[in-house]
Amino acid sequence: MVDVARFFTPKENLLRIIDCMAMLKLNKLHLHLVDGNGWRIEINRYPLLTEIGSRLVERPGQAFSERHNARQGEPTVEKGFYTQDDIREIVAYATKRHIEVIPEIEMPAHSNAALASYPLLACPIVDKYIGVLPGMGGSSGDIIFCARNDSVFTFLEGVLDEVMELFPSKYIHLGGDEARKTYWEECPLCRARMKAEGLGDTEALQGYFMARVSRYVQSKGREVMGWDELTNTDIPKDAIIFGWRGMGQAAMKAAKQGHRFVMAPARVMYLIRYQGPQWFEPLTYFGNNTLQDVYTYEPFQKDWTPEVKNLLMGVQVCLWTEFCNTPEDVDYLIFPRLSALAEVTWTQPVRKNWQSFLKAMDHFNDHIAAKGIVYARSMYNIQHTVTPVNGSLQVKLECIRPDVQIRYTTDDTEPTAQSTLYTKPLQLKSAQTVKAVTFAGDKQMGKVLVLPIGWNKATAKPILGANPEGLKLLVNSVRGSLKNSDFEWCSWTKSDTITFTVDLQKKEMLHSLTLGCITVYGVAIHRPAYIQVAVSDDNRIFRQVGEMHYTSEEIFREGAFVDNCLFPLNVEARYVRVTANGIGVCPATHVRPGQEARINLDELIIE
Ligand code: ACM
Ligand code: ZN
């Protein structure tokens with residue numbers, strides 16, 4: 001699946017992706033054509049869909065997750081769409097290569113681009129401006145098609161008529177994911193529909209909505225597909241379910257009712273996630289799905305009956321493009337992980353072999369490089385793990401490719417093919433900079449990892465509190481980057497009280513304590529509202545030696561940055577305790593209004 005709604009992939013680039021798919025014997029291309037962030041297909045009957053719905057306000061320099069919604073009347077720029085001729089060309093090109101292009105028209109949610117074009121299709125109680133969303137959308141993401149207004153169904157059928165005319169595919173994907181029912185709960189029309197149809201709740205109302213449109217599509221001789229939220233209520237008859245949340249478990253619910261399904265679990269098959277050590281990757285969302293993670297995925301689970309196995313139609317990777325700004329960004333996230341998908345789908349598990357896959361993939365990569373695709377080399381980068389062990393720091397360096405050598409230095413020089421070969425974790429007892437990189441023989445393969453290991457009074461000392469393993473990150477000397485998911489940040493999901501104590505193991509003169517607090521506005525990570533520092537000689541009786549309060553203006557600043565909160569101490573003590581708490585929920589003006597602000601801390605420095 002390619003999401004051409006968030007970032008519009010030009011036709012030429014899409015054709016090249018199709019070429020590569022054909023080389024890998026991948027036979028279905030799911031096009032996510034419309035979303036809250038853009039409408040990317042020309043519909044003759046509804047010209048505003050592309051006159052308004054393909055345009056967007058500019059938010060220069062801001063990541064998707066940080067962008068505020070458009071204000072009414074704010075100028076927009078064209079972000080692109082496929083004309084009907086483009087679609088015919090794409091479909092013909094793919095058909096020639098034995099690839100079926102499956103269009104997705106999202107409903108009832110992810111529909112702000114359609115509703116910005118035709119606002120009367122939203123519930124009449126929506127009293128705010130509906131614009132195409134430049135980012136997450138906040139509470140505007142709750143604006144969805146009204147489930148009572150018959151014009152909505154006339155509109156969707158009209159759109160689908162043209163879509164079915166353009167795409168001869170056996171399957172039509174109707175979306176159905178992430179529909180928040182805020183407006184449906186309140187809308188008198190939607191409530192009337194629920195009453196008239198005897199629907200117990202708004203989830204059942206979505207079931208009604210999806211079933212009604214499904215029947216229309218099926219009446220034209222096509223089959224219906226949808227995301228796994230369709231299992232939240234009665235599943236439309238014969239609908240094919242895409243398991244995407246977590247490991248795709250919801251698809252099992254459908255399978256048990258006899259529905260066919262496709263596995264596209266976000267945890268392993270979403271290409272939006274980082275494909276390598278995060279310090280080297282462009283900003284994106286969530287955790288990692290490396291080339292090896294994709295390769296290792298096995299859809300069949302031990303507890304699947306033969307009946308369930310028979311209902312699995314295939315496996316899909318999904319490229320969501322929130323963080324893509326150029327066609328090259330799209331290629332980078334797809335390749336080489338698409339090769340791993342081909343192996344998952346075409347190779348018997350017993351025949352899978354990571355090393356031989358890498359060899360074959362290297363040859364394949366030469367072919368796609370000849371086509372002008374710049375594939376990611378993340379597979380050659382080094383993931384570090386620095387862990388306090390008995391007062392020293394253990395530095396582990398790992399690369400997912402077993403056919404490279406890791407070489408490193410600790411004297412600040414650049415590593416070369418003659419530098420020390422890494423064979424086992426290093427044990428450090430003092431400050432030094434570790435620089436490491438992968439080689440294949442004399443050839444440098446990855447990027448140089450630089451680990452500036454400092455040493456302060458807290459470094460590698462025991463740290464006590466709930467989740468002591470996680471807390472070790474605070475005293476491992478490696479500072480988290482501006483990516484909060486880089487495995488260096490100690491994170492709390494709630495604003496509840498946080499408390500941890502460092503045992504310096506002997507009474508010492510302490511001059512200051514510094515606590516690093518990251519702000520990542522787009523994902524609602526903010527500094528604490530309150531931090532207190534207390535010391536003790538016996539870990540029982542503590543005396544407060546510093547505290548700081550932050551105002552909501554200081555907390556809810558935009559951007560991604562680290563604050564070093566400095567507490568002068570000038571006391572003698574053995575135990576140092578930090579207590580902190582968060583501010584609670586993000587305000588209405590935030591890009592994540594009403595969501596609980598999270599706290600991420602790293603590093604704890606005592607001097
Ligand atoms: C999805 O990722 N919302 C299908
Ligand atoms: Zn309504």
Side-chain angles (χ1 to χ4, degrees), residues 1-6 30-37 64 102 104-112 114-115 118-127 130 133 136-137 141-153 155-156 173-197 199 201-202 204-206 208-210 212 225-232 239-251 254 261-273 284-287 289 316-323 333:
M1 189 212 80
V2 182
D3 166 11
V4 297
R6 270 53 171 266
H30 168 181
L31 278 187
H32 186 77
L33 285 163
V34 304
D35 209 295
N37 311 99
F64 180 88
I102 300 171
E104 178 184 354
I105 302 296
E106 269 268 25
M107 61 196 71
H110 289 282
S111 45
N112 299 62
L115 297 172
Y118 295 98
L120 292 177
L121 302 178
C123 291
I125 58 163
V126 172
D127 57 357
I130 307 175
L133 302 177
M136 302 283 302
D142 294 15
I143 302 173
I144 67 179
F145 286 110
C146 182
R148 169 65 183 88
N149 186 342
D150 280 321
S151 309
V152 167
F153 296 96
F155 166 83
L156 289 171
H173 200 297
L174 299 180
D177 58 319
E178 300 180 310
R180 294 196 295 262
K181 316 293 193 308
T182 323
Y183 288 102
W184 282 10
E185 293 286 350
E186 304 296 330
C187 172
L189 298 187
C190 286
R191 297 185 72 84
R193 172 79 76 194
M194 283 165 64
K195 193 154 177 225
E197 301 289 337
L199 304 167
D201 56 22
T202 51
L205 183 57
Q206 182 174 350
Y208 164 86
F209 192 114
M210 302 305 299
R212 181 163 164 177
M225 297 176 145
W227 298 111
D228 68 32
E229 284 91 337
L230 297 196
T231 65
N232 292 351
I240 295 155
I241 298 300
F242 283 54
W244 76 272
R245 288 176 290 172
M247 288 301 286
Q249 308 87 318
F261 65 104
V262 173
M263 275 306 204
R267 280 263 298 283
V268 274
M269 303 310 261
Y270 270 27
L271 303 186
I272 185 175
R273 293 169 62 123
T284 178
Y285 256 162
F286 314 122
N289 278 342
Q316 169 167 303
V317 288
C318 297
L319 176 62
W320 301 102
T321 53
E322 282 90 334
F323 291 88
L333 290 175

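Numbering of ligands and ligand atoms starts at 1, following listing order. Just so you know, these numbers come straight off a predicted model, no measurement behind them. Sequential numbering from 1 along the given sequence is applied to the chain's residues.
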Got an N/O contact under 3.5 Å between W227 and ligand 1?
no
At the Zn ion (ligand 2), what is the angle formed between atom SG of C190 and atom SG of C146, rounded to the nearest 10°?
100°
Could you tell me whether Y270 approaches ligand 1 through its side chain, its backbone, both or neither, with non-hydrogen atoms closer than 4.0 Å?
side chain
Spacing of L133 atom CG and H110 atom NE2 [to the nearest 0.5 Å]
10.0 Å
Side chains of R273 and Y285: donor-acceptor distance under 3.5 Å anywhere?
no
For atom 3 (N) of ligand 1, grab the closest protein heavy atom and report residue, atom and distance to one decimal in Å.
D177 OD2, 2.6 Å
First locate atom CG of L319, then atom CE of M269, and finally report the distance between them rounded to the nearest 0.5 Å.
13.0 Å
When you measure from the centre of the six-membered ring of F153, is the NZ or CZ of R212 under 6.0 Å away and within 45° of the axis?
yes
For W320, take its heavy atoms, then give the atoms of ligand 1 lying under 4.0 Å from any of them.
1 (C), 2 (O), 4 (C)
Test log, rule side chain to side chain contact (heavy atoms under 4.5 Å, CB included), inputs I143 and Y183
CA-CA 7 Å; I143 302 173; Y183 288 102; 3.7 Å; yes
Step through it carefully: locate the ring centre of W244, locate the ring centre of H173, and say whether they are under 6.0 Å apart.
no
Should E178 be counted as touching ligand 1, given the test is an N or O pair under 3.5 Å?
yes
Given atoms SG of C187 and SG of C123, what angle do they subtend at the Zn ion (ligand 2), to the nearest 10 degrees?
110°
